Every structure is written in C-alpha cells, then in structure tokens.
Amino acid sequence: MPQIPESHQKVRFYQTGTLTVGNRLLDAEHRSVQGTMDRSNSLDSGHRACQGCGEALGARFAIDAAMRATNNQLIAANATGCLEVFTTPYPETAWSIPWIHSLFGNAAAVGAGIAAALKAKGREDVRVIAQGGDGGTTDIGFGCLSGMFDRNDDVLYICYNNEAYMNTGVQRSSATPGGARTATTMPVGKDPGNAFNTGKSVPLIAMAHLIPYVATASVHDLHDLEHKVTKAMGIHGARYIELFVPCPLGWGSKPSDTVKISRLAVECGLYPLIEAEHGELTGVTKIRRQVPVGEYLKLQRRFAHVLKPANAHQLEQLQAIANRNIKKFSLIDEQGGQE
Amino acid sequence: MLKQVEGSHAVAEAVALCRPEVISAYPITPQTHIVEDLGTMVKAGAIKNCEFLLVESEFGALSACIGSSAAGARSYTATSSQGMLFMMEAVYNASGMGLPIVMTVGNRAIGAPINIWNDWGDSMSARDAGWIQLFVESNQQAVDVHIQAFRLAEQLSLPVMVCMDGFILTHSFSQVDIPDQKQVDAFLPTFEPRQLLDPAAPLSMGAMVGPEAFTEVRYLAHHKQMEALQLIPEQAAEFEKIFARDSGGVVKTFDCEGAETVVVTMGSVIGTMKQVLSEMRDDGISIGALTVRSFRPFPKEALRAILKDAKRVIVFEKCLAVGMGGILAMNLRMALNDFPIRVHSAIGGLGGRPITRANLRRMFEKGIRDEMEEPHFHDIHMNVVERELEREHAQRRSGSIAENILQDVGVVAAAKTI
Amino acid sequence: MKTPFAITLDAGSSLLNKTGSWRTERPVYLDRLPPCNHACPAGENIQQWLYLTEEGRYAEAWRQIMDDNPFPAVMGRVCYHPCEVSCNRGQLDEAVGINAVERFLGDQALINEWQMEAGAPTGKRVMVVGAGPGGLAAAYHLRRMGHEVTVYDASPQAGGMVRYGIPKYRMPREKLRAEVARIEQMGADLQLNTRIDDVIAARDEGKFDAVFLSIGAQLPKRVDIKVNGELPVLDAAIVLRNTELEEPTGLRGQVVVYGGGNTAIDVARSAVRLGAKSATVVVFEAREHMPAHEFEVKEAREEGVELICLRAIREVNGNQVTLEKLVPSEGRWPQPTGQFETITADVVVQALGQNVQTDLVDTISGIKVAEGAVQVGTDMQTGCPGVFAGGDMIPSERTVTTSIGHGKKAARNIDAYLRGITYDAAEQHELVTFDMLNTWYYSDAPRTVRPMLSVMRRQSGFAEIVGNIDQDNATFEARRCMSCGNCFECDNCYGVCPDNAVNKLGPGMRFKFKYDYCKGCGLCVSECPCGAIKMTPEEI
C-alpha cells in the first residue's frame with residue numbers, strides 16, 4: 001500500500017488554506033478581521049480614492065486589524081497625502097475612528113504627542129497609530145519619524161508605500177524604484193526613468209533604531225498583514241510597518257490588478273516581507289511561487305520602457321535587485337519546501 | 001511667594017503651576033532655560049502627570065503639542081528665532097485647527113546673519129499665523145500672563161504665544177512673586193477641550209477645506225480673535241481679583257491722559273522708556289506712553305480710545321518689515337487712519353542693540369519736532385552703512401557685509417591689512 | 001460639543017457621498033456551471049456534495065448525491081469519473097478525488113443505514129424492463145415522485161452489467177445488493193427471473209401507465225477468426241457473467257483476450273484471479289490509444305497481465321494464435337503490415353463490445369431502431385407513446401453512469417408524461433473554465449492516494465482492490481474542491497473591496513454589492529478564487 005504522506009493524515013489544509021480573506025471552516029479566533037461581519041470599517045464607503053486604490057484597501061486592512069487588537073481603543077494621526085485628501089474633504093470624512101491630520105511631515109510627531117497625552121492621562125489602553133504615504137514617511141516626515149523611533153514613543157507608524165508622491169501628481173520619492181517613470185523621472189534620455197542606486201529602505205533604517213518591531217507587508221497577503229499589525233499592537237514602544245500598496249493611477253495599472261501586482265511584487269522578490277525585533281531580523285514570508293520580475297513589471301506602464309529591448313540592462317538590474325533580496329532575506333527555502 | 005529668580009525660571013514655575021500634561025522641548029537660545037527647568041521639574045516629580053518630550057526639532061516640538069492638545073492634554077512648548085521659523089508650518093496648523101497650545105517665545109532676531117540677541121523678528125514672522133500674541137514687559141508679567149494664556153487659549157480654542165524679550169527678560173534676575181498652586185487652580189479650570197480625539201466619540205480633525213468654505217473658516221478665526229479682545233481684559237480683571245495684580249489687558253498706558261505725544265511700544269523696553277518719559281515730563285514736555293500687550297488680536301478700538309486726543313504718536317519697535325518699515329506702526333496707522341494724528345515710526349534695538357535712556361530721549365525729541373525720517377532707524381551708524389554702500393558700488397565682490405561692518409566698527413581686528 | 005466648522009468632521013459622514021456614480025461597469029454575482037457537474041453523466045451536483053463534505057455534513061452530502069444518483073457506493077467504485085478528468089484542479093496540481101469521496105459517502109450511508117423516502121402516492125403505475133443501473137435508477141426516481149414501480153429482469157439478481165459485467169474485485173456485491181435493497185425498501189417491486197417478451201401485453205396486463213425499457217446491450221460483437229482445431233473462442237460478456245454466477249468460465253492455462261477496452265482488461269484480470277497460467281491481451285490499437293482506462297491497464301499489468309499492442313488476430317491453428325503486426329497510420333485505424341507472429345493459447349476470449357438485442361422492441365409498434373440502437377427523443381420517449389428507453393440500448397456512451405443519468409432523465413419525463421405536462425430542464429449556467437479562476441488562493445494540496453490491496457492478494461482472489469479513504473482523507477479531498485463558478489463564501493470580495501462596497505450577509509447567505517458605493521474597479525472579480533463574479537457594462 002503506498003505511503004500516504006503524513007501531511008494528509010490529518011485534515012490540515014482547507015479549501016483555500018489561509019490565503020483567502022475568510023474561510024468558513026476555520027475557528028472564529030483564526031479568522032481574519034476582514035472576514036468578520038462586525039469588522040470596524042475604520043475607513044468606510046464614500047471616500048474619494050481612485051478605483052482599485054491599494055492605499056484605501058491597505059488602510060482599512062491595517063486599521064481594522066489594529067482596532068480589533070486594541071478593542072477599538074485607537075487614535076490615528078495622518079500625514080498629508082492621498083490617504084488624507086481622499087478620506088477627509090470637507091464636509092465628509094470616511095474615518096470612523098478618532099483621526100487627525102496635521103501636516104505632511106509631522107505625523108510621527110503628532111502621534112508621539114497623542115501618545116504622550118494618553119500616558120499623562122493614564123489612558124494607556126488607548127493606542128496610537130501614525131500613518132502616511134512614502135513621501136510623508138521616507139522624505140519630508142523622516143526627521144519626525146526618526147525622532148519618534150529614537151524616543152521609542154508608543155506609536156505604531158504605518159507607511160503606505162506606493163513608491164512616489166501620488167497626491168501631487170506622481171513625482172519621485174526616495175521610495176521610488178530604479179527605472180520607474182514618474183513625473184520627475186520621465187522615461188527619456190540615456191537612462192530612462194528613475195536612477196538606479198538611489199533611494200532608501202526605511203524598514204532597514206527603522207531596524208537600525210533598534211525599535212521593538214519593524215515589518216513589511218503587502219495588501220495581497222491579508223493574513224500576514226493582519227498578523228503583523230496585531231503583533232505590533234501587542235507591543236509598546238515605537239513600531240514601524242510598511243505596507244506595499246499599488247497605485248493604479250501612478251503606476252499605470254488596471255484598477256482590478258491592484259492585489260495581483262502586490263502579489264507579484266512579493267513573489268518576484270522585489271518587495272520582501274520581513275519582520276524584525278529590536279534590530280534583529282526575526283522572520284521572512286517565503287516566496288510561494290517565484291516569478292521573474294518581468295511578470296510584475298509588465299502590468300505597469302511606469303515600467304513599460306524597461307521591457308523594451310533597448311533597456312534590457314534595466315530589466316537585468318531589477319532582476320538583480322530581486323535576486324539580492326531573495327538571497328539576503330532567504331526568501332526561498334533551500335530545500336524547496338513550503339509552509 | 002516673592003523670589004529673586006531668573007526670568008526663565010520664573011516662567012517655568014508659572015507653567016508648572018498651570019499643571020501642563022505634555023511639554024515638548026528643543027533647545028534654542030534664549031528660551032532654553034525655561035524648558036530645561038521644566039524638564040527637571042517633570043523628572044523630579046514636581047510636576048505630576050506630565051510627559052516631557054525631547055523632540056528632534058522645533059517642528060517636532062510644536063507637532064507633538066498639536067497631537068497632545070488634540071488628545072485633550074494641556075500642552076506647552078517654547079521657542080525662539082530660527083526655531084520659530086523651523087516650526088512655522090506647524091504654527092499655522094495649530095491655530096488653524098484651534099488647538100489651545102501655549103508657547104513661550106523668547107524673542108530673538110532671525111538670521112542671516114545669525115544673531116542670538118533680542119528683537120521681535122521671530123514673533124513678527126508669525127503675526128498673521130492666527131495665534132494670539134501677548135507681549136510682556138517684565139518677568140512678573142511673564143509669570144502672570146502665562147497663567148492667563150492657558151485659560152484664554154482653552155476658553156477660545158486658540159493657541160497663545162507669550163512673547164518675552166530674549167536675555168533682557170529670559171536671562172535677567174529680578175524679584176518675582178510666584179503665585180501658589182491654590183491661586184492658580186482657582187483661576188485656571190481644568191482643560192475641557194472643544195474637540196477631542198476620543199475613541200468613545202470619534203471625529204476627524206484637520207479636514208481639507210476647499211473654496212466653498214475656506215473664507216468662512218478664515219472669517220471665524222478672525223472673529224474668534226475679536227472675541228479675545230473682550231475676553232483678555234475680563235480675564236485680567238478676574239486675575240487681579242485673585243492675585244491682586246494688574247498683569248493683563250490688551251493695552252497698558254503710562255501717563256497718556258492729555259499727553260500731546262504718546263509713545264507706543266511693546267515688551268520690556270517700556271521699563272527704560274518710563275524713566276526717560278518721566279524726566280521729559282518733569283521738563284514740561286507733554287508726553288506719555290502705552291504698551292500694546294496684545295499684538296494679536298490688535299486692540300484697534302482700545303488704542304483709538306486712548307489716542308483720540310493725542311497730537312502725535314511715536315511708535316518704537318524692535319522689528320522691521322524690510323522694504324516697508326515699522327510693523328507695529330503700520331498696524332497703528334491702520335487703527336488711526338481717520339484721526340488727524342502724526343504717527344512716527346522708529347525702529348531700534350535690532351539684534352540686541354542696546355537702547356539707552358540718552359538715545360531714547362534724543363529720538364523722542366526728534367519726534368516731537370516732527371523731524372523723523374520715515375521710517376526712523378534708531379541709533380543707526382550711518383557712517384558704517386555708507387562705507388559699505390561705497391564698497392558695493394565700487395566692486396561686485398565686495399565681501400561679506402557682516403564682516404565688513406564688524407571691521408568698520410572695530411570688533412574684528414584689521415588683520416587683513418598685513 | 002460643537003466642533004470647529006469645516007475643519008473638524010463627524011465620523012462616518014462620507015456615507016453621504018455615493019461613489020457608485022463613478023462606475024462604468026458593475027460587478028454581479030453569478031453561479032457558473034462547474035466542469036465536474038457538467039461532465040457527470042448522472043448530472044450530479046458534485047460541487048455541492050463536496051461542499052457539504054468539507055464541513056463533515058456527510059448525511060446531507062449523501063442526500064445531495066441521492067438527488068441524482070441512487071448508487072453512490074456503486075458509483076464510487078465503478079464510475080470512470082469524467083468529473084475528475086474535467087476537474088479544473090487538474091490544471092493546478094491534480095484533480096480532486098471526487099470518486100473516492102463519493103464512495104466514502106456511499107459507504108457511510110450503508111454503515112449508518114441512511115434511507116430515502118418515497119414520494120406521496122400518485123396512483124400511477126410504471127413498468128421498468130431491466131434491473132440494470134438505468135432501470136433501477138428510473139425506478140428509484142419514480143418512487144421518489146410517488147409512482148408505483150415494478151422492475152422486471154430475466155436474471156436471478158438485480159444490477160445488470162454492474163453485477164454480470166464488472167468483476168467483484170472492482171465491485172463488491174454486498175455494496176450493490178445494499179443499494180438495490182434500499183430502492184426496494186422505498187417500495188419498488190423487483191420481479192427477477194422474469195423475462196418480458198411482449199412489452200405491450202405485459203403493460204396492459206399489469207395496468208401500467210408508462211414503460212421504461214433499459215435492457216442494455218448484451219449481444220457480443222464478434223470478428224470471424226478462422227479456427228483450425230478445438231481451441232475455444234469465448235465471448236467476454238459471457239465469461240464475465242459466468243464468473244459472477246460462479247459457473248465454469250473456461251478461463252484456464254494461457255488465456256488470450258482480444259480487445260483493447262475495459263472489458264478485455266476485466267477478463268484478463270479475472271483470469272489471473274481464477275488461476276490461469278497467463279493472461280495476454282492482444283490489442284488492435286497502439287498502447288496510447290487503447291480505449292481502456294489507464295489506471296485499469298496499469299493495475300492489470302501490476303497483476304501480471306501482458307499486453308501485445310498493434311496486433312490483429314488472424315487465425316488459430318491448434319493452440320497457436322497467429323497475429324498480424326500493425327503500424328499506426330494517420331487515419332483512425334492502424335494498418336496491416338503483412339508480417340505475422342504466433343503466440344500460444346489455451347483459450348481465446350473476444351472482448352470487442354456488445355450490441356443491443358432488438359427482438360424485444362421489434363414487437364412494439366412505432367419504435368424505431370437505427371444502427372443497432374433504439375431511437376428516443378430528447379424526452380427519452382420512443383416512437384411508441386408512453387414507452388421510454390435508456391441505457392446501453394439507446395445511442396450513447398455505454399457507461400454505468402450514463403445509464404443512471406438516463407434513468408433519472410427518463411423518470412422526470414415519465415413523471416411529466418403521467419401528469420400530462422412537458423418536462424423542461426432548467427437552463428444550464430455558463431461553464432466555468434480554468435482561466436476564470438484565481439488559483440493563487442488555493443493551498444497546495446496534492447490529492448489523497450487511495451490505499452491499494454497488495455499485488456499478491458490481488459492475484460489470488462476477487463477481494464476489492466481499491467480501499468476506502470478514511471474520514472479525514474475524504475474531508476481533505478473534498479476541501480481540495482475549488483468550487484469553480486460558485487461562491488463558497490471565502491470573503492475575498494468582501495475583503496478586497498477598497499470601497500467597503502460589499503455586504504456580507506452571513507453564513508450561507510453569501511454577499512451583496514452596495515452599488516451606492518461600488519466604483520466598479522473589478523478587484524472583487526480579479527480576486528474571486530472561483531469565478532463567481534463578473535463585470536457587466538453599466539447601462540447609461
């Protein structure tokens with residue numbers, strides 16, 4: 001009689017594993033927040049984000065998870081940017097949580113101030129999130145962010161990374177990848193698009209601050225994302241999560257491809273999903289089905305020139321970056337096994 | 001309790017008595033001593049239930065206060081000079097959102113050239129930012145006005161700057177009556193925010209407002225400041241009842257009644273002026289003075305009432321709207337525009353230049369003779385200016401203006417002539 | 001608390017902004033036809049009973065099968081499961097082991113003695129001729145509809161080809177007996193050992209209101225082989241029938257079977273079990289074009305059955321069988337080469353298929369027989385009003401499952417006929433294809449392998465060779481179903497909507513779009529694992 005693999009002897013898999021938002025076969029406590037009927041919808045309908053907005057999606061994912069983790073005792077500070085503009089144009093707000101927008105570059109400091117106020121008032125049960133786009137985080141808000149890390153303020157900072165200044169019309173930020181077209185890095189000249197060997201990794205910089213928790217997550221992997229937000233809310237002190245949120249408008253992609261693009265970014269190795277505690281890498285989300293970077297790039301007009309034969313060197317550079325990530329973070333198991 | 005203390009320390013004690021809940025601090029001269037002292041008090045447990053945030057910049061300092069104030073905490077910070085400029089975006093933001101933060105400005109010149117000494121350039125750079133700006137004359141008044149500032153700010157939901165001359169007040173030791181906690185508690189109720197970040201009653205603060213409502217929002221901000229013109233004297237009166245001192249109000253007069261000439265100024269310089277004016281009155285000259293204590297809101301009606309019978313006004317101020325002239329003078333002229341009063345504008349004390357009784361009297365006399373240039377630069381060394389202008393005329397690369405001037409006035413040795 | 005004008009806003013106020021007006025296309029939920037259901041000749045709603053099995057609701061799952069097919073335990077063994085062939089999961093990793101789960105459920109029913117109820121009596125009487133899978137299926141469905149049914153069969157046992165054509169090692173008899181008994185318990189009257197020679201007379205005598213004929217195809221097809229000598233040349237159907245009746249089969253010594261289908265393999269494998277020295281199957285087609293199912297060929301070879309492909313038997317001399325070598329051609333059939341070889345045999349069995357015995361229907365006026373099969377309309381009715389026919393005797397794929405499907409279809413049409421109405425089958429949904437799925441969401445889960453009896457034991461008896469999967473494995477296997485084309489409430493649409501424009505209605509209630517807010521981005525369609533949402537243009 002052929003050996004039945006051990007994995008089959010117990011009912012371990014479900015119809016869709018833990019990859020779909022919900023799973024009717026899972027125990028209630030193992031279900032995602034997004035799959036529950038009573039999720040908080042912290043970011044509710046009627047907001048003015050573009051169709052298929054990754055940031056709107058990521059924000060609801062993250063904040064709803066944080067709401068559950070804090071028993072709905074949550075306050076958010078928001079940097080200027082798309083997320084702020086599309087949620088709170090007078091006379092309507094799409095937020096159902098206490099929320100404040102102050103400036104482009106100060107969300108981390110405003111969050112620190114809120115946390116300080118709550119501490120002074122003995123309301124440490126109420127938790128604070130500061131959030132912004134990549135421009136508000138990696139560039140203009142970087143000083144305040146670093147200060148928040150440095151002081152270990154009790155704030156979770158969430159960066160919704162869509163790799164450019166989208167709100168102002170798609171200009172390059174320090175999170176824009178090499179080769180990408182933006183309004184300030186047009187695909188013209190000898191090296192079209194954004195210059196390679198520029199930019200910075202704020203997750204790695206955050207790790208260098210030795211803060212209690214740093215993670216990256218993506219809107220395509222809700223369970224991973226919710227796990228990380230929940231974990232972050234279980235920790236006090238400064239925490240940083242960067243969410244990868246495709247922008248159909250800025251990237252020139254189909255609104256219906258937002259989740260797919262996010263998935264491919266991770267699966268090709270360009271966007272590693274990691275976790276770190278006190279400066280030490282503690283976890284990586286393995287690549288499930290590796291794809292060449294071209295599969296990811298071809299869905300986005302911002303990379304259209306990269307896929308032309310004349311710019312093959314750019315494609316190679318991007319693949320090399322992906323390969324480096326895969327190696328650096330061990331994104332693929334040597335044994336070829338999967339979770 | 002009477003104490004012989006440094007101005008900064010007195011202010012720190014006053015702020016401590018106001019039971020602040022969040023203080024953010026970033027070092028910049030000359031306000032630094034205030035937050036140093038507050039930091040020590042928080043760390044030592046002398047201020048209870050208070051968080052002291054060591055921020056990474058003035059922008060972070062005020063931003064943290066925006067957050068803490070929105071979360072319902074009585075919030076305080078202090079700054080000076082470049083610090084004010086560095087936080088300027090947050091300055092406008094705090095008032096726009098109606099957050100009752102109190103901020104001490106240890107008034108200092110702004111660069112370049114970098115200069116650590118007193119003038120009002122920093123506060124004036126924020127004069128249109130929507131904050132209430134109260135200028136104080138003495139360290140006693142600094143103490144008293146800080147206590148009133150919290151109540152005013154919280155009652156109106158507007159931030160308040162208490163502007164005190166750097167070094168002249170912040171670093172000078174004088175006898176100050178520090179109130180006791182009971183008195184302050186009697187005057188200053190606990191902070192009841194008009195809006196609050198509260199999970200029990202969520203709301204969104206800091207919305208984007210377009211053309212359809214922006215004018216109204218701005219009008220309401222202006223309207224609120226107009227309300228403050230009523231509120232400030234009322235509070236000053238209440239303060240006087242509890243503390244037995246006149247320490248507030250929008251304007252303070254000194255022998256103005258019937259005076260042909262009235263000197264209008266702000267801040268600590270009135271101390272020196274009072275002596276000069278007293279001597280002049282002794283000499284039979286009809287001259288009085290007033291200080292504008294509330295620069296924002298600008299007490300137009302109060303000033304008109306005081307100055308309606310004066311023949312002329314000499315405005316003396318430690319700030320300059322470059323390309324225009326005196327800022328306080330401009331504001332006053334607007335207040336008096338239908339009065340037949342001569343308004344002379346004198347600008348002096350810039351970057352900490354000493355103001356002496358002798359040069360003040362010369363200046364006032366020139367004003368009384370109606371011989372003042374417009375604007376008049378008090379105690380300016382025109383020979384230095386002229387030499388520099390000649391140099392610039394002669395050659396394009398005439399060198400650093402500041403260094404040239406310092407050489408001319410003999411501060412830097414003429415080493416280059418070797 | 002009166003908050004500052006304009007710059008401070010009350011929570012949730014964006015609901016006033018109906019972003020649905022941005023939309024040019026709208027997502028709509030739909031049910032598509034899964035390929036398994038589509039391929040099932042018995043018309044089983046496979047996906048639905050897998051769904052119930054996933055949750056351990058075995059009795060409900062079984063009843064779902066029973067809506068279409070009264071023989072889960074039988075079909076879980078003998079069905080050639082076209083459902084698995086068409087299963088979309090086959091394009092991802094491996095097809096869902098539907099057949100194994102069906103067998104599991106069928107056996108659960110037998111263990112737990114689950115029963116089905118007959119319908120309220122209608123007073124109508126139906127005669128069924130043939131107690132094979134088609135006839136019994138018709139009888140079962142007609143009983144559920146409340147009609148009285150009598151089933152006639154000439155054989156001593158019910159089951160038709162399931163009993164007399166499929167060896168025990170594939171189809172244990174007690175399972176068949178139990179599933180037939182269940183139909184009898186529902187009130188179907190089985191008259192065995194009763195040959196009907198004149199259908200109309202029997203109908204009139206029994207006062208039947210309608211007739212269903214399902215007598216199968218029992219005449220062996222033969223090719224003329226020139227036999228010089230005494231070597232027996234037998235027919236497969238007869239050999240298998242005798243095996244079942246435990247009568248002498250003539251299978252002994254070196255057995256040569258001629259044919260490439262499942263029946264040929266069945267005969268060869270039976271020969272092995274009956275102690276033949278060798279069993280060799282001479283196949284006309286090339287190995288890869290053999291009509292027999294691959295798994296059966298594989299199992300047969302494990303048991304020692306030999307295959308000689310691309311050969312035609314030309315003649316028999318004594319115990320020497322002459323084979324002509326063939327070569328594959330571009331046409332349908334291999335071509336002769338004129339090269340010959342011989343093999344030794346003690347018996348030759350022809351397994352080349354069966355024809356319909358038409359003498360029964362020849363007596364009924366109006367029935368049309370063409371190309372050896374009884375012609376019926378889409379309502380399964382023959383040219384003679386009130387006489388319906390199905391199974392191997394009508395033109396169709398001759399499988400047990402097809403016959404069962406005929407039985408169901410005939411029962412529905414007979415029911416309509418008895419009520420004086422026309423049966424209209426529900427319109428079929430659009431078929432869901434692999435490209436409509438988003439398979440990312442399905443866990444990597446290779447299929448459960450059913451345990452197999454060891455080769456030694458398979459060679460020495462007729463014990464069932466394919467074992468049961470256990471409960472865990474059945475559940476596991478069911479959970480591998482991707483629910484193609486039909487919402488299984490994975491919450492993806494509800495989750496991935498950036499506009500929170502999907503209402504979750506609760507378990508079993510699925511979802512509803514909030515068109516007031518849906519901007520028509522299509523993310524729900526892209527991320528629906530099973531292709532149960534589509535975009536349709538907004539009417540302007």
Side-chain angles (χ1 to χ4, degrees), chain A residues 42 67 70-78 80 84-123 125-128 130 140-141 143-151 153 155, chain B residues 19-24 26 42 47-57 59-75 77 86-87 89-90 92-94 96-97 99 101 191 193 195-210 212-214 217:
Chain A
S42 315
M67 283 287 274
T70 60
N71 195 23
N72 302 332
Q73 299 299 299
L74 195 70
I75 295 173
N78 210 120
T80 308
E84 167 261 325
V85 169
F86 74 66
T87 57
T88 55
Y90 165 80
E92 295 145 5
T93 174
W95 295 99
S96 58
I97 58 165
W99 179 95
I100 183 171
H101 158 247
S102 171
L103 297 167
F104 200 1
N106 72 352
V110 172
I114 296 168
L118 294 167
K119 194 171 177 198
K121 290 174 172 297
R123 285 299 307 274
D125 58 318
V126 181
R127 307 298 301 281
V128 184
I140 197 171
C144 286
L145 182 67
S146 177
M148 186 206 104
F149 291 163
D150 151 55
R151 292 184 301 273
D153 292 319
V155 176
Chain B
R19 303 186 186 278
E21 291 170 297
V22 174
I23 296 168
S24 61
Y26 189 81
V42 171
I47 308 177
K48 301 266 186 289
N49 303 323
C50 180
E51 286 297 304
F52 189 76
L53 282 178
L54 290 164
V55 291
E56 70 291 338
S57 71
F59 179 64
L62 190 53
S63 295
C65 284
I66 287 170
S68 58
S69 183
R74 183 167 285 163
S75 305
T77 189
F86 196 65
M87 67 164 63
E89 195 189 7
Y92 274 76
N93 189 251
M97 290 216 279
L99 296 171
I101 299 158
F191 175 26
Q195 53 183 345
L196 180 64
L197 294 172
D198 178 7
L203 45 73
S204 295
M205 294 169 64
M208 185 175 77
V209 179
E212 72 279 12
F214 198 82
V217 170

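Side-chain atoms are counted along with the backbone in the values below, which use heavy atoms only and exclude waters and symmetry mates. Here is how names work: the chains are called A, B, and so on, in the same order as the sequence lines, proteins then strands, and each is numbered from 1. Note that the structure is a prediction, hence the values are computed from the model and not measured.
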Can you tell which part of Ser204(B) gets under 4.5 Å to a heavy atom of chain A, answering side chain, backbone, both or neither?
both
For [X] against [Y], the heavy-atom pair lying closest together:
| X | Y | result |
| --- | --- | --- |
| Arg151(A) | Leu54(B) | CD-O, 3.1 Å |
| Glu212(B) | Tyr90(A) | OE2-CD2, 3.5 Å |
| Gly60(B) | Cys144(A) | CA-SG, 4.1 Å |

Quick one: what part of [X] sits under 4.5 Å from any heavy atom of chain B, side chain, backbone, both or neither?
| X | value |
| --- | --- |
| Asp153(A) | side chain |
| Leu74(A) | backbone |
| Glu84(A) | side chain |
| Ser96(A) | backbone |

Output the distance between atom [atom1] ([X]) and atom [atom2] ([Y]), rounded to the nearest 0.5 Å.
| X | Y | atom1 | atom2 | answer |
| --- | --- | --- | --- | --- |
| Trp99(A) | Leu197(B) | CH2 | CG | 10.5 Å |
| Thr88(A) | Met205(B) | OG1 | CE | 12.0 Å |
| Met97(B) | His101(A) | CE | NE2 | 7.5 Å |

What residue in [options] has the most heavy-atom pairs under 4.5 Å with chain A?
| options | result |
| --- | --- |
| Asn49(B), Leu62(B), Asp198(B), Asn93(B) | Asn93(B) |
| Cys50(B), Gly96(B), Ser63(B), Ala94(B) | Ser63(B) |
| Ala90(B), Pro199(B), Ala73(B) | Pro199(B) |

Ignoring hydrogens and geometry, is there a side-chain-to-backbone donor-acceptor pair from Lys121(A) to Ala71(B) under 3.5 Å?
no
Can you find a pair of side-chain heavy atoms, one from Glu56(B) and one from Met148(A), that are under 4.5 Å apart?
no
Close side-chain approach of Val22(B) to Lys119(A), heavy-atom, < 4.5 Å:
no
Pairs of heavy atoms under 4.5 Å with chain B: top-ranked of [options]:
| options | result |
| --- | --- |
| Gly143(A), Ala77(A), Ala112(A) | Gly143(A) |
| Ala116(A), Ala76(A), Gly147(A) | Ala116(A) |
| Asn106(A), Thr93(A), Ile75(A), Leu103(A) | Leu103(A) |

